[in-house]
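For reference, the structure is listed below as structure tokens.
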There are 2 protein chains.
Amino acid sequence: MAYVTIRDIALRSGTSVSTVSRALNNTGRIAPVTKSRIEKAARELGYIPDSRAKAMRSTKTGLAGLLVPDIRNPYFADLAYAIQDTLFNAGYCTSIGTSSEDSAQQDAYIVSMLSQHIDGMIIVPRGGRTAALESLVTMEIPTVFVDRHVSGMPQIPVVDSDPLPGLQAALGDFQAHGYKKIGYISGPILDSPTLQEREYTFRTLAGALFGEENVFVESTSFSHTSCLPVLRRMRQSGVNAFIFGYSQDAIQAISIFGSQGATIGGDISLVSFDDLELFQLLTPKISVVSQQVQKIGSLGAQIFLNLVEGGEQPDSQRVETVYFPRQSVGCAAQDK
Amino acid sequence: MAYVTIRDIALRSGTSVSTVSRALNNTGRIAPVTKSRIEKAARELGYIPDSRAKAMRSTKTGLAGLLVPDIRNPYFADLAYAIQDTLFNAGYCTSIGTSSEDSAQQDAYIVSMLSQHIDGMIIVPRGGRTAALESLVTMEIPTVFVDRHVSGMPQIPVVDSDPLPGLQAALGDFQAHGYKKIGYISGPILDSPTLQEREYTFRTLAGALFGEENVFVESTSFSHTSCLPVLRRMRQSGVNAFIFGYSQDAIQAISIFGSQGATIGGDISLVSFDDLELFQLLTPKISVVSQQVQKIGSLGAQIFLNLVEGGEQPDSQRVETVYFPRQSVGCAAQDK
DNA sequence: CTGAAAGCGCTTACAG
DNA sequence: CTGAAAGCGCTTACAG
């Protein structure tokens, strides 16, 4: 490894390490001649500062830790991209980790990132409080939760989406199309307060609009087949209009409906959370409640930057969901 | 920041920093009693070693740099996941960067990662040789290219896929279904030797099988609308069977065909590279030439580990493409 | 304006 | 078996 150090630059420019440091960091007073001589030497030598050594003195590493449950989920990929892009433009390198929806692995990543002395973390947390999560607050590491929050950790600001506006619009659309019964598949809500809130909001809204007795709610698990029995039960109850709180379930359901020969937008209607590219490619296009992931990501990154650089404790923020009506909601046939 | 240091542990356990270091690293001889006393203190204090300080002495950071063109592309998301997973299990933290298919940003990331003194890099390169890419070899940073290679940089091992087996099988399938003319949309080949090789392989194979005059090849750009004129031209030439070398083009084409009312698997047939989840959700399911991305990723990570830990220069490796026939290839109607 | 010195947290010979 | 000391590359008071 032929790393060039400031000592090499000092040697070549006939100055001392302290002068080189000052010249390269624009700190203190240096003679313009000396400065340009040093800069020339640095350029010729191809100097790349050692940010580890730098960090040891200044308690800043320029490293941000990002933890998502699964980067293969397009929603999180979009989120990660937005965050990473904002942070890179602010001079931060982002280290991405995948918790695989597993608390132990999440904690392992947090510890590993702490050992790199990252300047702070942006986390899509899974599950509840854990030892590593706690240590983040006791060690006062700037941290922001994104997309989901952890109950019992109010110290940490969170950027998530407000399910109400989008759900309200979606329910209105179903009503306008003549539906009388609505099914809601809420996803693997066990570990996710966000999914819980979505379900709760749906219940409240839909109950008021359609009457408690016409509202059907069931949750699923992370398993790849958990949707099937739920859908069967709901359809037997005469439900033909569905809202999916968890887009992976919607994808599963679409493929199930497809294999059953049910026509989406005809026999049945559905709306999913998350505005995935995929939903616009399917025929018919799927109506969605968008969380505006791009906005959530850049807002989260912004709050991270405020925390790390400003030091003040920013407030949590909510991004409104918006409903995009497309072709997957058609007119109710003979919904009794 | 309340980071615990080995000095704190030395104080609490009534030993010295050097003894603590030895105890925690299982190096040299230490009295078992001392050792357990130190370990207890470390545990109680919640000690997390400072890997930067560690790295400064040992020239190992435990950090791997991964650079992909766009993490939002599901193919790269799968690839990144596989790599990151393998590396994490080997004790490495992966820093992911996105070059956005832009050479300048690619170089910026490489420099930024070098300044973190990453132990090595795994890169899906874009374009040709650049200053930063060159410096990787002159500085002897362990590097492996994955999915694509860079012409003129034979020093760097590459793991990519061999297009031949998959293409051959796909062409065989078209032939079996009675097609006489084949169109190949090769994607934005300008900066990608991989896409160039695919096109070349297609030309050779298809020319031999169908005759030069029945083989139509065109490339596209990264733009979101570049497919439209290409498809129009080909269909006017009487082409109803298509192979897409670049999956993003196939996605575009599917949505174009959908809006034109053309039936895939009926009016026209198509095969795309990359076994994306999406292709199995569409109706009909899309036949694909799979690159076995999971395999490429773990192989790439393995070679990285060999380079970093073994030090020997490993060979480049090719992973065979395999063809998965599905419903998007139907019988030719009246192909003249 | 510039250099010598101390120190960030750790490891590693070197004495004892 | 254990401690004191040097040094990794850098920054930051402190003298000059």
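Values below: every heavy atom of this structure, side chains too, minus hydrogens, waters and symmetry copies. Each chain gets a letter, A, B and so on, in the order the sequences are listed, and its residues count up from 1.
For A:Ser16, whose side chain is taken as the heavy atoms from C-beta onward, the closest listed nucleotide among C:dG9, C:dA4, D:dG3 is C:dA4. With distances taken from any side-chain atom of B:Arg57 to the nucleotides D:dA6, D:dT11, C:dG3, the minimum falls on D:dA6. If you check C:dC10, D:dG9, D:dC1 against the side chain of B:Met56, the one that comes closest is D:dG9. For B:Thr15, the listed nucleotide lying nearest its side chain is D:dG3; candidates were D:dT2, C:dT11, D:dG3.
Contacts of B:Thr27 with the nucleic acid, taken as non-hydrogen atoms under 4.0 Å apart, are absent. Nucleic acid contact for A:Thr5: sugar-phosphate only, since backbone atoms but no base atoms lie under 4.0 Å from a heavy atom of the residue. Within 4.0 Å (heavy atoms only), A:Ile30 reaches sugar-phosphate atoms of the nucleic acid but no base atom. Nucleic acid contact for A:Arg22: base, since at least one base atom lies under 4.0 Å from a heavy atom of the residue.
Between B:Glu39 and B:Arg43 there is no salt bridge, since no side-chain nitrogen of the basic residue lies less than 4.0 Å from a carboxylate oxygen of the acidic one. Classification of A:Lys40 and A:Glu44 as a salt-bridged pair holds, one side-chain N sitting under 4.0 Å from a carboxylate O.
Taking for each of A:Val4 and B:Arg37 the nucleotide of DNA chain D with the nearest heavy atom, the 5'-most of the two is the partner of B:Arg37. Comparing A:Val17 and A:Ala31 by the nucleotide of DNA chain C whose heavy atom lies nearest to each, the residue mapping closer to the 5' end is A:Ala31.
Side-chain contact between A:Leu114 and A:Ser135 is present, with at least one heavy-atom pair separated by less than 4.5 Å.
Atom CG of B:Asn25 and atom P of C:dA13 are 13 Å apart (whole Å). Whole-Å rounding puts the B:Arg7 CZ to D:dA5 C1' distance at 13 Å. Rounded to a whole Å, the CG atom of B:Asp8 is 11 Å from the P atom of C:dC8. Per the geometry, CD belonging to A:Gln116 stands 13 Å off P belonging to C:dC10, to the nearest Å. Separating the CG atom of A:Asp50 from the C1' atom of C:dG9 is a distance of 14 Å, rounded to the nearest angstrom. Note: NE2 (B:His117) to P (C:dG9) measures 20 Å, nearest angstrom. Rounded to whole Å, atom P of C:dC1 lies 12 Å from atom NZ of A:Lys35. In this structure, A:Arg29 places its CZ atom 17 Å from P of D:dA13, rounding to the nearest Å.
Ring geometry for B:Tyr3 versus A:His117: interplanar angle under 30°, hence parallel rather than tilted (30 to 60°).
Nearest heavy-atom pair, B:Arg318 versus B:Ser161, reported as atom, atom and distance to 0.1 Å: NH2-O, 3.4 Å.
The shortest distance between the side-chain N/O atoms of B:Ser21 and the OP1/OP2 oxygens of C:dT11 is below 4.0 Å. Dashed line: the shortest gap from a side-chain N or O of B:Lys54 to OP1 or OP2 of C:dT11 is under 4.0 Å. Taking only side-chain nitrogens and oxygens, B:Tyr3 never comes nearer than 4.0 Å to OP1 or OP2 of C:dC10.
Remark: the B:Asp70 side chain and the B:Thr98 side chain contain no N/O donor-acceptor pair separated by less than 3.5 Å.
Between the base of C:dA4 and the side chain of A:Ser18 there is a donor-acceptor pair shorter than 3.5 Å.
D:dG16 is paired with C:dC1 under the criterion used here, namely a Watson-Crick or G-U wobble arrangement in which both key atom distances are under 3.5 Å.
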